Every structure is written in structure tokens, then in C-alpha cells.
Amino acid sequence: MKLSGLLPGKTARVRTVGGEGALRQHFLDMGVIPGAEVTATKLAPMGDPMELRIHGYELTLRLADAEKIEVEPLQQAAAPREKQDRRRYSDHPGLGEEGKFHPKGTGDPLPEGTKLTFALVGNQNSGKTTLFNQLTGSNQHVGNFPGVTVDRKDGVIRGHADTLITDLPGIYSMSPYSSEELVSRDFVLKNHPRAIINIVDATNIERNLYLTVQLLEMDVPMVVALNMMDELRGNGGTVDVNAMERMLGVPVVPISAAKNEGVDELVRHAVHIAKYQERPVEQDFCGAEDHGGAVHRALHAVAHLIEDHARAADLPLRFAAGKLIEGDRLIEEKLALDQNEKEMLQHIILQMETERGLDPSAAMADMRFDFIRRVCGECVIKPHESKEHRRSQRLDRVLTGKYTAIPFFIGIMALVFFLTFFLIGPFFQDLLADGIGALRDLADAGMRSAGVNQTVQSLVIDGVFEGVGTVVSFLPIIVILFFFLSLLEDSGYIARVAFVMDKLLRRIGLSGRSIVPMLIGFGCTVPAVMSTRTLPSARDRRITILLTPFMSCTAKLPIYGFFVSVFFPERSWLIITGLYLLGILAGILAAHVFKNTLFRGEAVPFVMELPNYRFPSPRNVMLLLWEKAKDFLHRAFSVILIATIVVWFLKSFDFRFNLVEDPHDSILAAAASLIAPLFAPVGLGDWRIVTSLISGFMAKESVVSVMEMLFRDGLTALGSLGAACMLVFSLLYTPCVAAVAAIRREMGRRWALGVVFWQCTLAWLAALIVRLIGMALG
Ligand code: GDP
Ligand code: MG
């Protein structure tokens, strides 16, 4: 039968895994391999995707993808092996081995003063961020990977000034199928870190070791940090660290990143292996007897075949051999095999397929999991069902329940937005705005009494304080919004939202994960764009970024309020709600267009892990907030400050650089009148409207303040049709400078300009349609 037909609660064994390319590799990497046991746990409220349990963790899968997996139903799950519990194990694995397997102090260390660079690699949710923060303190900075925009953090390990540790994106394997995986792989291959710190979630050890096994093949000094040991031990499990070190051939250090246990020891090991360049002892995981040894023989044959090529291409041999068998094109190109060798390679692979009865990728994945099963059988005492897991299941019964999931989701989001935008946010915003206002008055009075030049004074007061000050006053709202969102994310709830909403978002070519940035977009496009970094694929990230401007941000509310109160006072709520819905509708249409033109590719399959709910670590949350605040302030005082000064300049001077009394005579007025005819067809041809729209590019709120300033004789000349056009135009036209800058940072300059251009075009067309309909109706 097909996996999609497996009823919740039933268990089956995987027979074959269909599908192709990225999707299939992803299945295999997540442990969905022939022979694995899966239990269906539940369906999402809308009937798709499904959740299953495999290798002791929860995985989500779309039904359409589950169709491709053949399973064979089992009567009941295999009982956990009893004898494990009776095995004696060393009591205090917490101490590690201090050189038992890697003679300390022998060999030649790297010369004094060499920078010890480390890559921190691990699965998503294994505690990388937590460990990174423990290792580096707050001494970190955020950079961008060239090409792919994934957050990458570098930091110095506390107490070791000559180290540099890089936090790589969370990955599940070294396959080149997602941008993150490629980034991490390239980092290890090209940047040549001196050592790898591989963080492994001990409560989910089988799945996590899959990456470990692949990292060992990279032939880079490595230490395994066995994280979450507190949780594992708390539930009666443990790991025989000594035995695991022996089997993996690298130091294994049990730690708890959250409780800062074992971290010092981890650092000692890491520094040591890096300094002495102690490479993994073991890189051979293919058992000579496993399933007749077909994979073993093929791997060794390929390794011998390509030895010289791998050396020439500067690739780790075992890694290259494995990737060739898996059919990795990138590695194949790099190796530059000649025709004869290629043919031999094909023969070897074919022979393996016939003997093993599995295709190459599945055979390799199976080989790795075989080894992992041996390691776990020897070294790991599985915990009884953890209280964290039971708690998660209880919570999930409500939060992903068939009838409760969506109401709870709406309720939780409403609460977050209410607290952020109506209760806590405005309070602090007013406080900050008052502070800035007081500062401005002080500066004003100071400059006046010191007799500072009028122009300079106007620049400081009107430009810096009014412009940048208004933007800075949004800081509390942004920080508070991020606070709640990081609570939701760290606790594991966001993963559930993605699970629940996947079916809806799939219709527009996205996956459930894109829901988060879109929700934030209703608050502010800037953090929304920033939050797309959590999305797993570059394609999804880009589409999502392009859709966030359609979610009406809070800065547009003043515009809506202003026009509605003047022109449509009786139908205000109807019109404002209508505008929000219109934005969403336009976004859905745009998504369809993107899906069928610019981003034709396939959405990443929604194969996602659902972690247990956890209490977020306050330290992580605080560090995140601090980083966001810094980021935001940095932007306010760079891009926004410069743009503000430019607009102030344009509206204060005429072409002969004389200060103007009446803004009608300013460069801005002249320039605006030049483009005003463009806006005439949609009824917005007045230069003052054009000016206010342009200043809205700085910050949407300023549309209102500029209009109030320029339309001294009242707005009524605009007429209600003009107001309607203006509302629709404001809803859809270019996001503000800050948002465009954020888009630029994520996607590059050309996309950012593209967004400005097509949002304006779209807004123009929509306003035209409104005008034509309005005129037709009289
Ligand atoms: P990342 O996705 O790999 O960066 O993982 P995070 O650092 O964000 O951690 C994921 C979750 O695991 C967070 O909720 C952490 O608070 C939690 N966590 C991290 N380390 C530990 C640990 O040692 N013990 C326990 N119980 N939880 C941890
Ligand atoms: Mg993280």
C-alpha cells in the first residue's frame, strides 16, 4: 500500500521510495529509506499534510509526496530491545576522554598564532544558536553569504582570542539540494575550516548522526557535541560516550548548551583537535558483510578509481566517492573523469544496484543508517517516552486538532498583534516619541539661542528629528513584535502553524512555512522580509519576500484613516477591511503570476520536522532582540537618514539653491510637476499629491503629514473618486525605503528596483480601474 493510505495510529515498514531528484533525496536524508519503520500519527486539520513518526521523531509530509512511498503494514511496532537496559555503561560519560584516542601533545601542532577557524554544523533545532551564543557570548556579528542570503554568524570563542567560529545554516545532509546544504558544504570544502564542531541532538540521535556520518567523510578534524543531554538523562536515557568515540573515531562531548554544561570541555577538545589537526580516525562506515557487502565493494572500488582526481580537485576522497555513487553532478564535474573512468564508474554502480537491489541513493542512505543503527545499538540507551514529548502531544491535540487548530491560530495571532500594535507597542512608542520630541525641542532651543544658521537648524529639526525620529519611534513596536514571534518560534509553535496552513499556501506555489513572514507583513514589511531567512529554499524565500508588500502594513493605517474620515465617514470599517482584503487578493494573484513566470521551479517539499515544544531560552531571546534593535537603528541612521536629508533638501531649495518660503517654488515641486502628468490618468495629477506619495516612499505615515501641510485649502477638491483612487494606490504602490532596503539586502539591488517598479505599475493600473469603474457608475 501507499504511505498516504496509512491510517493514523498504524505502523508500516517502508518498501520503496519513489519520486525523484531533490524530493527523493530529501526523503532518504530524513531517514525515509526502505526497511525503516513508520507510524502515521495524524493529518493536518485540512486533511493534508500528514505527520508521521520515524526513527523516533516526528516528520511532516504532504499526501501527494507520501503517495510515492510504498509501505507494507505491520501488525504492531517492533518492541524496543529489552537487553539494552541491562547493559552496563560507564557512569560518567560527562568527562570525555582527554586524548585517549587522540594522543595529546604529540604530532606537530599548527604554528603558534594560526587562526583556528571552526564551522558549527548541525541539524535545524539541534541547539546551534544556543551553543553559538554560549561559545561567543554576545561578541558576534551578522554577515551575509554571497549569492545566497542566509544568515551566517561569526564569533570568537570566549577566552580563545585566536579562534573564529562560524554558525552555518541548519542542515540535514550534505546533498546539494537546498541552498543551505550547498552553502554549508561549500563552506567546508572551500573555506577549509580548521575543524568542525558537529552538534547532535541526543534526544533525536539517529536522525542527527546521519549528518555526522557525512561530515566525517569530509576528512576535517571534528568533534561531536552531544547536545540536550539534560533532557535525555532526565528521561532515563544515556549515551556511552566512550563507546561512541571509539565507533565514530572522533571526540564526543556530552553537553547541554542551554544549561552551559560541558561547553568548556567541548572547547578544550575542539581547540586541541584543530591545533593538532587530528582528523577522524574512521571514515569507513560500509560494513563488508552488510547485505552481502555490495555497497562496501562499490565504494572502495570508486575510491580507488578516482583517488588521483580527488587529490587534484582538492576533494576529500571518501566524500567524493560517495557523492559519485549518489550521482552528484557538481562533484562529477569537479573531478573531471575521463571517458574510460566514467564508464568504469557506471559499471561499478550498476553492479552494486544489481547486487543490492536498491538504487544508488537509497543504498547509500541505507548503508549510513545501518552504521548508525550499529552505533546506537552499542552506545545509546533510549529514554522512555519523555515528558517533553508527552507534553507536546497534549498541546498538539489542541493546537493542531481538527477543529481547534485554526481558531487557536487566529486567536494567538490576534493576541500577538493586539498586544504589539495596540497595547504594549504604542505605549513605548509614545514614550519614545515624547523623548525624541523633548530632545528636538531642546536642540531647537539650543540652536536658536546659539544663533545657528537657519538652514542648518531646519535640516536638523525638520530633516533629522522629524524624519529619522519618526522612524526610530517604531523601534519598540518592532522589538516587541520580534519578541512575540521569537517566543512562538522558539517554542516550536511556528512549525505547527506551517503544518496546519500548508494546504492553503500550496495553492499559491508556496509551502506552509511562508505564512510567518506574511503575517508579520501586516505589522511591518521590514521584519517580514527579514524573517524570510528562516525559509528553507531560496525560491520560496524570494516569492515570499515579493508577496510581503501586499500585506497592508500598519504605517498605511494613518492614510486609510485620514481619507476615510474625510470622504467616507459612514462606511469607514467596510472600506478599511476591504483594502486589507484587496491587498491579500492582489498578493494571491501576484503569487500565481510569479509561480508561472519568474519562479517556475518546484516548491521545496514540505518534509519538515516537528520538534517538541520547549521553553524558549531567555538568553537566546534577549540576544535576538538586541540584534534586531541594533540592525534597525543602524538602518535608521544610514539609509533613512540619507534619504530624509535628500527630501528635506529638495523641498527646501529652488534650482538656484535659494531657500524657498513656499514649497510650491522648491525643486521638489518642480520635479513633482514633471512627473505629475504620469498620475493624471488615475486622477492624482496634482503635484502636491505626487509629492506626498513620493514622501510616502520614505515612510508611509508621511503621506498624511505632507498632504496636511500642502493642502492648506482643504482636500475636498480631490473628490471621493479621487480619494478612492488614492487609497488603492497607497495600498499597492512601492514599499517604503526601509522595506526596499531590506529587500535589497535579501535579494540584491535589481530585485529591489524591480519591486519598486512593479508595485507602482500595479498600483497605477488598479487606481485606473477604480477610476474607470467610478466614472462608469457616475
Ligand atoms: P538551532 O535551530 O540549531 O539554532 O537550535 P536553537 O539553538 O534555536 O535551539 C532549539 C531549541 O532547543 C531551543 O528552544 C533551545 O532553547 C533548546 N535547547 C538548546 N540546547 C538545549 C539543551 O542543551 N537542553 C535543552 N533541554 N534544550 C536545549
Ligand atoms: Mg537557530
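Start at 1 and go down the list; that is how both ligands and their atoms are numbered. These numbers come from a predicted model, not from an experiment. When reading the values below, keep in mind they use all heavy atoms of this one structure, side chains included, and skip hydrogens, waters and symmetry mates.
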Distance alone, cut at 3.5 Å: any donor-acceptor contact between the side chains of [X] and [Y]?
{"X": "T166", "Y": "D154", "result": "yes"}
{"X": "R207", "Y": "N123", "result": "yes"}
{"X": "N198", "Y": "T212", "result": "yes"}
{"X": "S175", "Y": "D29", "result": "yes"}
{"X": "E388", "Y": "N235", "result": "yes"}
{"X": "N204", "Y": "E609", "result": "yes"}

Within the 4.0 Å heavy-atom shell around [X], which atoms of ligand 1 are there?
{"X": "A258", "answer": "20 (N), 21 (C), 22 (C), 23 (O), 24 (N), 28 (C)"}
{"X": "S256", "answer": "22 (C), 23 (O), 24 (N)"}
{"X": "T130", "answer": "6 (P), 7 (O), 9 (O), 15 (C), 19 (C)"}
{"X": "E231", "answer": "26 (N)"}

Non-hydrogen atom of I199 closer than 4.0 Å to ligand 1: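 No.
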Work out whether the distance between some heavy atom of S126 and some atom of ligand 1 is less than 4.0 Å.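 Heavy atoms of S126 do come under 4.0 Å of ligand 1.
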Side chain to side chain donor-acceptor pair (under 3.5 Å) partners for T203, two or more places apart: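 T203 satisfies side chain to side chain donor-acceptor pair (under 3.5 Å) with D201 once adjacent residues are dropped.
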Give the contacting part of [X] toward ligand 1: side chain, backbone, both or neither, where contact means a heavy-atom distance below 4.0 Å.
{"X": "D230", "value": "side chain"}
{"X": "N123", "value": "backbone"}
{"X": "R614", "value": "side chain"}
{"X": "K128", "value": "both"}

Could you go step by step and tell me if R368 and E326 meet the salt bridge (charged side-chain N to carboxylate O under 4.0 Å, His left out) rule? CA-CA 13 Å; R368 293 190 187 113; E326 285 176 330; 3.1 Å; yes
With ring-ring contact (aromatic ring centres under 6.0 Å, His included) as the rule and sequence neighbours excluded, what pairs involving residues 207-227 come up?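 Sorted result for residues 207-227: Y210-F369.
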Any cation-pi pair here, R394 with Y613, using under 6.0 Å and within 45°?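 No.
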Check whether any N or O atom of [X], backbone or side chain, sits under 3.5 Å from an N or O atom of ligand 1, and answer yes or no.
{"X": "M229", "result": "no"}
{"X": "K259", "result": "no"}
{"X": "P616", "result": "no"}
{"X": "N227", "result": "yes"}

Determine, considering heavy atoms only, which of A202, G234, A257 sits nearest to atom 23 (O) of ligand 1.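 Result: the heavy atom closest to atom 23 (O) of ligand 1 is in A257.
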